[in-house]
Novice: 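I'd like to ask you about the structure that follows.
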Amino acid sequence: MENKEIARILNETADLMEISGEDGFRIRSYRNGATAVEGYPERIESILADPEKKVTDIPGIGKGLAFVLDEVTTRGSCERRDQLLQQYPPTALEFLKIQGLGPKSIRTIFEHYRISTMDELERLAQEQRLRELPRMGAKLEEKVLRSIARYRSSVGRFLLSFAQQMAGELETYLKEVPGVEVVTAAGSLRRGKETVGDLDLLVTGRPESGFSEAAVLDRFVKFPRVNEVLGHGENKASAKVGHEGLQVDVRALPRESYGAALQYFTGSKEHNVAIRQRAVRMGYKLNEYGLFRVDGDSLVASLREEDVYEALGLDWITPEMRENLGEIELAAEHRLPRLVELSQIRGDLHMHTRETDGRATLEEMAEAAAALGYEYVAITDHSKALAMANGLDETRVVAFAAQVRGLAGKLPVRVFSGLECDILRDGAMDIAGDALAELDFVVASVHSHMNLEPAEMTDRLLRAIECPQVRALGHPTGRILLQRDGYQYDFERVVEAAVARGVWLEINASPERLDLDPARLRAAKARGARFVISTDAHHPKHLAHMRLGVTVARRAWLGPEDIVNTLPAEQFAAVLERG
DNA sequence: GCCGTTTTCGGCCCGACTGTTTTCAGTCG
């Protein structure tokens with residue numbers, strides 16, 4: 001069992017313990033344990049199996065959790081979780097995802113009503129029976145109904161990063177089948193959409209090396225994380241994978257038609273419709289087997305995707321652009337834009353350390369950045385409004401700026417002193433201007449009062465942008481993918497103000513944000529905005545999320561000239577200096 | 001339940017808001 005899965009079960013147990021009203025500190029120990037397990041470099045299972053090693057050497061794991069870990073790895077659950085699941089239905093955990101409902105309210109609901117499904121919860125709210133319970137009222141019912149609607153629309157969708165990871169695991173696994181040459185994820189994953197509904201894997205190989213389609217599909221349905229096989233034919237098998245139930249379709253293909261199939265299954269639907277219309281106009285027909293002449297049915301192209309596009313008089317179009325938003329016309333005129341690439345990113349401008357809610361030190365973050373080949377980073381811990389994160393006050397901000405000046409030249413990358421400064425409800429900065437002025441780089445973000453009226457939110461952001469020390473607007477919509485919509489405001493006005501003040505817009509690359517989104521990025525670019533792509537890392541390994549941010553930028557057709565952190569360190573420093 | 005230790009028990013992060021109350025519990029971050 002993977003550490004991540006163990007951590008999930010510990011967190012789930014903690015959720016149930018909260019609903020059951022157990023001691024808060026004990027619950028926190030379970031959560032701390034989960035975090036420790038998830039971030040631990042070695043497999044817990046192998047530590048448990050090794051008599052030379054002890055899990056209790058891991059900080060956060062004591063005697064109690066050691067026993068629980070042993071239970072979880074051997075049978076996938078633990079005694080306390082089993083007990084609690086007898087007491088509450090598994091949907092109790094789903095109810096926690098509904099905004100406005102926390103463990104206490106869920107417990108109250110279960111004490112008064114015998115319900116076990118989301119539909120029943122919805123009915124209680126509709127029939128105004130929640131308000132009969134203590135401390136619940138009409139507003140809560142409305143909130144719950146809104147949240148259930150959002151929950152429904154996100155069910156069956158998955159974060160891009162999650163699907164990519166699953167695709168990677170399956171690729172490694174399927175490549176062990178003799179003769180397999182390529183395993184490629186197609187569909188919205190290949191196009192880099194922020195969330196994906198299912199995973200399409202195309203597999204091909206060399207018959208002369210023993211490749212057989214049946215062998216690939218047989219191995220796939222035996223993948224240990226397959227939960228339910230939905231279909232298993234000669235060319236295609238489908239299954240729900242992982243406890244999350246991501247649907248994975250594996251198609252085994254002859255290599256001759258690989259390019260055509262890849263084009264076909266990558267989509268988008270709109271792009272493909274337009275491409276096929278173009279083919280028809282040129283006297284061809286295009287399907288997943290190849291591009292054929294209509295008269296005589298002879299094959300024109302199918303081996304490589306590039307061949308298909310070329311035969312249609314088009315430059316090859318990168319999957320991120322395939323949405324029929326004008327890319328086909330540009331490809332026909334050989335005028336496709338040059339998009340930003342991960343290798344062009346030279347620094348990361350949003351990350352946290354142990355000073356607030358990060359997990360590593362400034363030095364560790366700098367080393368991890370150097371390992372990725374970066375020239376520079378900005379350390380941007382939280383400001384004091386985020387009390388729970390132990391945000392910096394003015395004194396600590398000034399001390400931090402001085403500390404970074406003292407470290408000049410002593411770290412493997414250039415470090416800029418930064419701050420992710422909270423934008424208060426009225427648009428004022430959480431930190432006084434003279435303290436901010438000590439820093440090299442200030443990114444301003446909203447973390448509270450996200451439900452203001454659009455006009456008020458617009459004014460708030462406009463005022464924040466006016467602050468002379470602010471250089472970037474962090475996660476500008478505040479959306480959390482599959483969980484929370486962004487805050488409402490007049491985006492165009494805010495962008496125009498940002499352009500006028502030289503404030504950059506952040507593309508926050510953390511997997512659950514990817515904020516701004518491609519549509520807003522295009523709109524902002526059209527108004528002259530410039531961008532930074534930053535990871536918002538809270539751990540050195542999060543720095544690797546940069547590639548997700550780059551993917552989002554590419555989906556918005558952004559080039560290196562649009563992204564400020566493609567600048568070399570000296571030039572970037574000069575841009576900061578100019579103010 | 002973990003940790004550290006003044007070694008066997010006490011401390012562990014909390015401020016702000018919301019909607020419900022009529023003085024504050026529950027949620028959120």
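Chain A is the first sequence line, chain B the second, and so forth, proteins listed ahead of strands; every chain is numbered from 1.
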Novice: Quick check on B:dA16: is either OP1 or OP2 less than 4.0 Å from any side-chain nitrogen or oxygen of A:His449?
Specialist: no
Novice: Once you apply a heavy-atom cut-off of 4.0 Å, does A:Ala385 come out as touching a base, just sugar-phosphate, or nothing?
Specialist: nothing
Novice: Treat primed atoms plus P, OP1 and OP2 as sugar-phosphate and everything else as base, then score nucleotides 4-10 of chain B 5' to 3': B for base contact with protein heavy atoms under 4.0 Å, S for sugar-phosphate contact only, - for none.
Specialist: -------
Novice: Can you tell which of B:dG26, B:dT20, B:dC28 lies closest to the side chain of A:Gln99?
Specialist: B:dC28
Novice: Within the structure shown, what part of the strands sits under 4.0 Å from A:Ile27 by heavy-atom distance: base, sugar-phosphate, or nothing?
Specialist: nothing
Novice: Could you measure between the two P atoms, the one in B:dC24 and the one in B:dT8, and give it in whole Å?
Specialist: 38 Å
Novice: Just the rounded figure in Å: distance from C1' of B:dG29 to CD1 of A:Ile423.
Specialist: 16 Å
Novice: Determine if the base of B:dT8 is syn or anti; take syn to mean the glycosidic torsion is within 90° of 0.
Specialist: syn
Novice: Going from CG on A:Leu461 to CG on A:Asp459, what distance comes out if it is rounded to the nearest 0.5 angstrom?
Specialist: 9.0 Å
Novice: A side-chain contact here means heavy atoms from C-beta on lying under 4.5 Å apart; do A:Met136 and A:Glu141 qualify?
Specialist: no
Novice: A:Leu101 CG to B:dA25 P: how many Å, rounded?
Specialist: 19 Å
Novice: Pick base, sugar-phosphate or nothing for A:Gly100, based on heavy-atom distances below 4.0 Å to the nucleic acid.
Specialist: sugar-phosphate
Novice: What is the distance, rounded to the nearest whole Å, between atom CG of A:Leu424 and atom P of B:dG29?
Specialist: 17 Å
Novice: Tell me the partner of B:dC9, counting only Watson-Crick (N1-N3 plus N6-O4 or O6-N4) or G-U wobble (N1-O2 and O6-N3) with both under 3.5 Å; none if nothing fits.
Specialist: B:dG4
Novice: I need the CD1-P distance between A:Ile61 and B:dG1, as an integer number of Å.
Specialist: 12 Å
Novice: Does A:Ser29 place a side-chain N or O at less than 4.0 Å from the phosphate oxygens OP1/OP2 of B:dC12?
Specialist: no
Novice: Going by atom types alone, do A:His352 and A:Asp536 pair a side-chain donor with an acceptor below 3.5 Å?
Specialist: yes
Novice: Taking the minimum atom-to-atom distance to the side chain of A:Leu65, which one of B:dG26, B:dG29, B:dC2 wins?
Specialist: B:dC2
Novice: Less than 4.5 Å apart, side chain to side chain, heavy atoms only: is that true for A:Leu160 and A:Pro511?
Specialist: no
Novice: In whole angstrom, what separates A:Asn32's CG from B:dG1's C1'?
Specialist: 10 Å
Novice: Using a heavy-atom cut-off of under 4.0 Å over every strand shown, decide if A:Pro134 touches base, sugar-phosphate, or nothing.
Specialist: nothing
Novice: Measuring only the C1' atom in each nucleotide, how far is B:dC17 from B:dT23? A whole number of Å is fine.
Specialist: 16 Å
Novice: When the C1' atoms of B:dT7 and B:dC2 are considered, how many whole Å apart are they?
Specialist: 16 Å
Novice: Can a donor-acceptor pair be found between the side chains of A:Glu18 and A:Tyr30 at a distance below 3.5 Å?
Specialist: no
Novice: Calculate the interatomic distance between A:Ile109 atom CD1 and B:dA25 atom P; express it in whole Å.
Specialist: 19 Å
Novice: C1' atom, B:dG19 versus B:dG10: distance in rounded Å?
Specialist: 36 Å
Novice: Would you say A:Arg26 reaches B:dG1's phosphate, i.e. side-chain N/O to OP1/OP2 under 4.0 Å?
Specialist: yes
Novice: Which nucleotide, B:dG29, B:dC12, B:dG1, lies nearest any side-chain atom of A:Arg484?
Specialist: B:dG29
Novice: If you pin A:Arg80 and A:Met450 to their nearest nucleotides in DNA chain B, which one's is more 5'?
Specialist: A:Arg80
Novice: To the side chain of A:Pro103, which of B:dT18, B:dG1, B:dT27 is closest?
Specialist: B:dT27
Novice: Please confirm whether the shortest side-chain N or O distance from A:Arg425 to OP1 or OP2 of B:dC17 is below 4.0 Å.
Specialist: no
Novice: As a test of understanding, state which of A:Thr458, A:Leu424, A:Asp426 forms a side chain to side chain contact (heavy atoms under 4.5 Å, CB included) with A:Arg463.
Specialist: A:Asp426
Novice: With a 4.0 Å cut-off on heavy atoms, is A:Leu386 in touch with a base, just the backbone sugar-phosphate, or nothing at all?
Specialist: nothing
Novice: Quick one: label A:Arg131 by what it contacts on the DNA or RNA (base, sugar-phosphate, nothing), any heavy atom closer than 4.0 Å.
Specialist: nothing
Novice: Between the side chain of A:Arg359 and the main-chain N/O of A:Pro540, is any donor-acceptor distance below 3.5 Å?
Specialist: no
Novice: Can you tell me how far P in B:dT5 sits from the matching atom in B:dC12, rounded to whole Å?
Specialist: 15 Å
Novice: Can you check the distance between B:dT6 and B:dG11, where both ends of the measurement are the C1' atom (answer in whole Å)?
Specialist: 14 Å
Novice: May I have the distance from A:Lys143 (atom NZ) to B:dT27 (atom P), rounded to whole angstrom?
Specialist: 10 Å
Novice: Sticking with atom P, work out how far B:dT20 lies from B:dA25, rounded to a whole angstrom.
Specialist: 16 Å
Novice: Please check if any side-chain donor atom of A:Glu420 sits under 3.5 Å from a side-chain acceptor atom of A:Ser445, or the reverse.
Specialist: yes
Novice: Which one of A:Asn508, A:Val377, A:Ile379 satisfies the side chain to side chain contact (heavy atoms under 4.5 Å, CB included) criterion with A:His350?
Specialist: A:Asn508
Novice: If you measure from the P atom in B:dT21 to the same atom in B:dT27, how many Å do you get, rounded?
Specialist: 14 Å
Novice: I'd like to know whether the aromatic ring centres of A:His447 and A:His475 sit less than 6.0 Å apart in this structure.
Specialist: yes
Novice: Counting heavy atoms from C-beta on, name the nucleotide in B:dG26, B:dG15, B:dG1 closest to the side chain of A:Ala387.
Specialist: B:dG15
Novice: Starting from C1' on B:dG19, measure out to CD on A:Glu132 and report it in whole angstrom.
Specialist: 18 Å
Novice: Between A:Leu96 and A:Gly64, which residue's closest nucleotide on DNA chain B lies nearer the 5′ terminus?
Specialist: A:Gly64
